[in-house]
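First, the structure itself, so that you have it in front of you.
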Amino acid sequence: MEKITYRAGDSNLELVIGDITRQDTEAVVNAANKQLAPGGGVAGAIHAAAGPKLWEECKTLKGADTSEAKITKGYGLPAKYIIHTVGPVYTNSPSDPVSLGRSYQNSLKLASKEGIDSVSFPSLSTGAFGYPVDRAAEVALKTVIDYLKKNQDIKLVRFTLFSKKDFEAYKAALEKIT
Ligand code: AR6
């Protein structure tokens, strides 16, 4: 299996090719829609693997705005928790990287608040929401590395990339910014 590990502060940042629903980190992040409903892509896969109780809990949360993060139990997933965040729909404007960075930051802050020490992210916004993966990768990695250097509580952040192409884009972005 292809895997890259980068040391950020006292924590590890990993890039892997894989399926977010199979990750054994304490939390996994969902690329959610504003309703926190089952949808396509990551959200569809997470709801399918976690089971119908997830949607029951999500309904009580009253949705989420762009960049906001909310937490539920993991139900049928190996992960104990799911952090749901809504990435921005790509508009090719200066607000895109700001909103995307906040999605990662708010997810990490929520993990810290809950005492979670390992988190897997998918590549937020780069599927249905249309964010070019090379640009999104830079924002994602910069934001996470910056957070890990300032906060010691999260020991592992794993980017679970769904294709070799996405893995290569994140690898190139990591080399560029470090
Ligand atoms: N594991 C890891 N990555 C995956 C998986 C998986 N099981 N499935 C897809 N990806 P997307 P977005 C990759 O569309 O762009 C949904 O319909 C995928 O190839 O899931 O933030 C929601 O309901 C892509 O690289 O998220 C929202 O409405 C990346 O994950 C909307 O899409 C993100 O793709 C969110 O769009």
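Remember, it's 1-based here, ligands and their atoms both numbered in the order they're listed.
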Going by the order shown, which atoms of ligand 1 are within less than 4.0 Å of some heavy atom of D19? 1 (N), 6 (C), 7 (N)
Using the ring of each side chain (for Trp, its six-membered ring), is F121 parallel, tilted or perpendicular to F159, with breaks at 30° and 60°? parallel
Pair Y6, T178: side-chain N/O donor-acceptor within cut-off below 3.5 Å: no
G127-ligand 1 polar pair, N/O distance under 3.5 Å: yes
Taking distance alone, with N or O pairs closer than 3.5 Å, would you say F129 contacts ligand 1? yes
Per-atom contacts of ligand 1 with T126, taking only distances under 4.0 Å to non-hydrogen atoms: 15 (O), 24 (C), 25 (O), 29 (C)
Of all the non-hydrogen atoms in the protein, which one sits nearest to atom 1 (N) of ligand 1, and at what distance? I20 N, 2.9 Å
Those atoms of ligand 1 less than 4.0 Å from some heavy atom in A45: 7 (N)
Which is closest to atom 28 (O) of ligand 1 in terms of heavy atoms, N33, T85, V42? N33
Determine, considering heavy atoms only, which of A31, G41, S123 sits nearest to atom 33 (C) of ligand 1. S123
According to the salt bridge (charged side-chain N to carboxylate O under 4.0 Å, His left out) rule, which pairs have a member within residues 18-29, sequence neighbours left out? D24-R158
Is there a continuous path of hydrophobic side-chain contacts, each under 4.5 Å between heavy atoms, that joins L124 to L148? yes
Minimum-distance protein heavy atom relative to atom 9 (C) of ligand 1: F162 CD2, 3.6 Å
Is the shortest side-chain N to carboxylate O distance from E56 to K59 below 4.0 Å? yes
Winner among S125, A128, A48, G18 once heavy atoms are compared against atom 21 (O) of ligand 1: S125
Which residue supplies the protein heavy atom nearest to atom 17 (O) of ligand 1, what is that atom called, and how far is it? G40 N, 2.9 Å
Any protein heavy atom sitting closer than 4.0 Å to atom 4 (C) of ligand 1? yes
Subset of ligand 1 atoms that lie under 4.0 Å from at least one heavy atom of D166: 25 (O)
Could you say whether the N/O atoms of A32 and ligand 1 ever approach to under 3.5 Å? no
Tell me the closest heavy-atom pair linking I145 and L174, and the distance in Å. CD1-CD1, 3.9 Å
Kindly check if the number of other-residue, nucleotide or ligand heavy atoms within 6.0 Å of NZ (K80) is above 12? no
Is there a donor-acceptor contact under 3.5 Å linking the side chains of T5 and N12? no
Check this for me, if you would: do E168 and K164 make a salt bridge, where the nitrogen-to-carboxylate-oxygen distance has to be below 4.0 angstrom? yes
